[in-house]
There are 2 protein chains.
Amino acid sequence: MATISDVAEKTGLSKATVSRVINNHPYISKEKRELVYKAMEELGYHPNPSARRLRGQLTNTIGVIVPRIVNPFFSYLVDALEQVAYENNYQVLMFQSDEKKDKELYFLNLLKTKQVDGLIMTSIENDREVIESYTKFGPILLCNEYMSQSDLPVVRVDQMKAAYLGTKHLLDRGYRRIAYCTGGLFVDDGKDKDRNVGFQKALNDYDIQINTSWVFINKHTIEDGKQVMRQIAEMRDRPDAIFTGSDEIAAGVLREAKSLGLNIPEDLAVIGFDDQPIAEMIDPALTTIRQPIKEMGRESVDTLLRLLKNHPLDQTDQELSVELVVRSST
Amino acid sequence: MATISDVAEKTGLSKATVSRVINNHPYISKEKRELVYKAMEELGYHPNPSARRLRGQLTNTIGVIVPRIVNPFFSYLVDALEQVAYENNYQVLMFQSDEKKDKELYFLNLLKTKQVDGLIMTSIENDREVIESYTKFGPILLCNEYMSQSDLPVVRVDQMKAAYLGTKHLLDRGYRRIAYCTGGLFVDDGKDKDRNVGFQKALNDYDIQINTSWVFINKHTIEDGKQVMRQIAEMRDRPDAIFTGSDEIAAGVLREAKSLGLNIPEDLAVIGFDDQPIAEMIDPALTTIRQPIKEMGRESVDTLLRLLKNHPLDQTDQELSVELVVRSST
DNA sequence: TCGTTTTATGAAATCAGTTTCATATTTATC
DNA sequence: GATAAATATGAAACTGATTTCATAAAACGA
C-alpha cells in the first residue's frame, strides 16, 4: 500500500504539498499539481481513511439505525438511503436497534468515536435528552420517526393525514365500526401518536366514538395480525373494518380471515400501511397508504450531508405527503 | 473525549502500560491493572478506533456485500449476520453491489484501506482472480454464492440437492412437463449451475428431456414471475409445473395466474425457493425449499472471526442442508 | 526601487493509539 | 550466592495523514 510519503518521494515534493494537492488547497503551482496526480495514479495511491479520521477529518460514512432490517419498510428505506449515499461517495454503516435501548446507545457511541460522520435514526428508543446529548459529536437526523419538542432535524411523512386519509376512506365506503391497530408504545409522542390523532379526527368528522375494545396495541408482525383476527372473530360485537399499522399486520389479518372462512371485505374491510410489494400479492389485494420511501431516503441523506458541510437548512422539519392506494380489501 | 494520555496521567503510569492493560498483555501487576481500569471507568475512556486502525489493529468491523437488501432472502441473511456479529462485538458495514462490478470493486477496496477487517460476500460479480487478489488485505468468505476452483472459504447450502429435491417432488406428484426459472448469468459456475445440475439429475431419474423453450433465464423479481406466467399462458404447448428460482418469482407467477383465470396447482404447479414469509401469505400457499438462513449467518460470522484470529478451520467448505416445505401450490 | 502582498513550498508538530527497545526488579536454577 | 530467566515498566519511535509555522520567491503598488 502506497502512502503519502511514497508519493512525496516519487515527486520529490514534501508530504505537505502532496496533502495540499489531495485536498484542493489553493496556492499550488499547476506543474506540481499535475506531477502529484500522475504519481498518485502510477502508485495506485489512495489516502488512508483511518489516518484522515484521526486528524478529525470526515470519514465519508454515515450511520443508519433501523429497528429490524427484515421489516420491508426499513429494508426499502435503507436501500434508498444507501443509493443516495453512494451517489455522494458515502458509505452506510447500518445497525439494528432491535428496539433495545442499549443497542441504540452502543451505536450512538460510534458518533462519539468518529466512526461515522453523522447519524440517521429511523426509530427512537432512548429519551430525548440522551439522544440530543450526542449531537455535540456530529449531526443526527430523524427519518420516519420523530420527537416533539426536539430541535433535531427531521424528515417524515404526515402521519396524521395518513391515518385520517385511511380512516376517512373506510368511513366514506360506509363502514362505521372501525377497529384500530397501533405500535403504540410511544403513545404520548411521535408518529404513532399522530396516527392516533388522525384516526380520532376522522371518526369525529362522522360523530363516531372510538370503541376501545377494538383497539389493539403493540402490533407489528404478520403473526400479530393473525392473532388480532382471531380475537375479532371471537367477539360478540364485531367491527366491520380495521385500520392496521402496517401491510404486514394487514396480511396476517387477511390470511387468518381466510382460514376462518371469513370474506374480505364483506365481513371485514382491511386497510394497510406502507404499500409494500406484498400488498399487491395477497388476495384480495390490499388497500393501503403509500409512503414515499425513496423521497424520504433522498431528503434524509441530502439534509444530513448539508449539515455535515455546515450549509444552512431551509427547514429542519420536512414533511412528505402520503397517498391512498385503493385496491380490493375495502 | 478522554485519551490514553489522560488515563496515563491520572494513574501516573505511561501510555505504554495503559495500552498493555487495554490489550491484555501479560506482565502487568494486578495493582496497576486495576488502577488503570478504575481510571478508564472514571474518565469514561474508550480507545479511539481510528488510532488503533492506523497501527494496523483490527477494526471490529466486518463488511457484507449483498446484491440488493430489499430482496428478503438477503435482508434475513444480513439480519442473521448482524446479530451474530453484535454478539461478538463486531459491527457490520453493509453494502449493495446492485449486481455491478464497479460497486463491488469499490467495496473490496475498503478491505485494502483497512476499513473492514474481513469481508463476507453473498454474491459475486467480478472474476475469481480479481476477488482473490484482495485476500492479501484480509480474509474474504463466500456465503450463499461460491466459485469452484477457488480456495476461498465458503458457507453455502447444497443447491444441487435443493433443486433435485424440489424437482423430484414435482415428478413424484405426477408432473412431467416441468418449466424452469434461473438467475443464470453464471451458467458455468456457482450456485445457479448447481441448481441446473440438480434439476437435470431429477429429470434424468425419470428419463425426461428438458424442453428448452420452458427454460427462463435471468429471472429474479415478482415482476419477472408475472412476465413468465404471461409467456407460458401464450404457449400452445404448455408446461404443467414450474420450478422457480425464488419465492418472489413464484409469487409473481401465482399472481398473474390468478389474473389470467388459471388455477394453481391444477393448471400449473409452482414450487418456490427460500421459504420467505410471503410463501405462507399468498394463495395458494407456496410449496418451497427452505434455506437455513440463520445457520448460514452464524456459520459465516463464526468462520470469518476464526480466520481473523488465525485459528485453523476444520473445513473451508461448509455445506448446510435444505428442507422441502410442502404447501398447496403443487 | 523598496516595501507589502500574494503565491508556493517544506520542516515539524499533531492526532491517539501500539510496539520496540531499554532497563530495572523479582524469581528461579544450579 | 551467582547467573539466568521471568516479570514489570517507561521513553521514544511509529502508523499515515493534516495543519501550523516559517520562509522564499514572485507580483504589486507607490
Side-chain angles (χ1 to χ4, degrees), chain A residues 1-37 39-40 43-61 109-117 137-138 308, chain B residues 1-37 39-40 43-61 109-117 137-138 308:
Chain A
M1 287 301 293
T3 73
I4 198 172
S5 302
D6 298 330
V7 179
E9 197 168 338
K10 187 171 179 118
T11 55
L13 296 166
S14 70
K15 296 193 302 173
T17 303
V18 176
S19 174
R20 290 194 184 99
V21 171
I22 295 169
N23 295 285
N24 268 311
H25 281 235
Y27 307 150
I28 305 276
S29 67
K30 217 158 284 173
E31 321 130 57
K32 307 276 158 92
R33 187 182 299 276
E34 274 154 25
L35 197 64
V36 169
Y37 279 135
M40 294 201 318
L43 290 168
Y45 167 76
H46 290 279
N48 179 317
S50 302
R52 305 184 104 176
R53 220 163 288 196
L54 189 55
R55 282 300 318 232
Q57 288 290 109
L58 297 184
T59 68
N60 274 249
T61 306
N109 274 305
L110 298 188
L111 196 57
K112 206 187 225 170
T113 55
K114 280 273 171 282
Q115 302 252 68
V116 296
D117 297 338
F137 305 114
L308 285 172
Chain B
M1 290 298 296
T3 72
I4 198 171
S5 302
D6 298 331
V7 179
E9 197 169 338
K10 186 167 178 125
T11 54
L13 297 166
S14 68
K15 295 194 303 174
T17 303
V18 175
S19 173
R20 291 194 183 99
V21 171
I22 294 168
N23 294 285
N24 269 311
H25 281 233
Y27 307 150
I28 305 277
S29 67
K30 216 158 285 173
E31 319 129 59
K32 306 276 158 93
R33 185 181 301 276
E34 274 154 23
L35 197 62
V36 170
Y37 280 135
M40 295 198 323
L43 290 168
Y45 167 77
H46 290 280
N48 179 316
S50 302
R52 306 183 103 177
R53 222 164 285 199
L54 189 54
R55 278 306 316 238
Q57 287 291 109
L58 298 185
T59 68
N60 273 248
T61 305
N109 274 305
L110 298 187
L111 196 58
K112 206 187 224 171
T113 54
K114 279 274 169 283
Q115 303 253 65
V116 296
D117 296 337
F137 306 115
L308 285 171

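This one's a predicted model, so the numbers in the text were calculated from it and none came from an experiment. Chain identifiers are assigned alphabetically (A, B, ...) following the order of the sequence lines, protein sequences preceding nucleic acid strands; residue numbering begins at 1 within each chain.
No N or O donor and acceptor, one from the side chain of R52(B) and one from the base of dT18(C), sit under 3.5 Å apart. The base of dC15(C) is not paired with the side chain of R53(A) by any donor and acceptor separated by under 3.5 Å.
Picking from dT19(C), dT9(C), dT18(C) the nucleotide with the shortest atom distance to the side chain of H25(B) gives dT19(C). Across dT18(C), dT9(D), dG16(D), the shortest atom-to-atom separation from the side chain of I22(B) is found for dT18(C). When each of dT9(D), dG17(C), dG10(C) is scored by its nearest atom to the side-chain atoms of A16(A), the top-ranked nucleotide is dG10(C).
Rounded to whole Å, the distance from CG on N23(B) to P on dT9(D) is 16 Å. At whole-Å resolution of the value, CZ in R55(B) and P in dT15(D) are 7 Å apart.
One finds no side-chain N or O of S14(B) lying less than 4.0 angstrom from the OP1 or OP2 phosphate oxygen of dT9(D). Contact check, Y27(A) against dT23(D): no side-chain N or O comes under 4.0 Å of OP1 or OP2. Proximity of S29(B) to the phosphate of dT9(D): a side-chain N or O atom is located under 4.0 Å from OP1 or OP2. Residue S19(A) has no polar side-chain atom (N or O) positioned under 4.0 Å from OP1 or OP2 of dT19(D).
Among the heavy atoms of the strands lying under 4.0 Å from K32(A) are primed sugar atoms or P, OP1, OP2 only; no base atom is included.
Residues N60(A) and R53(A) have side chains that never bring a donor and an acceptor to within less than 3.5 angstrom of each other.
Each of R20(B) and P47(B) was matched to the nucleotide of DNA chain C holding its nearest heavy atom; the match closer to the 5' end belongs to P47(B).
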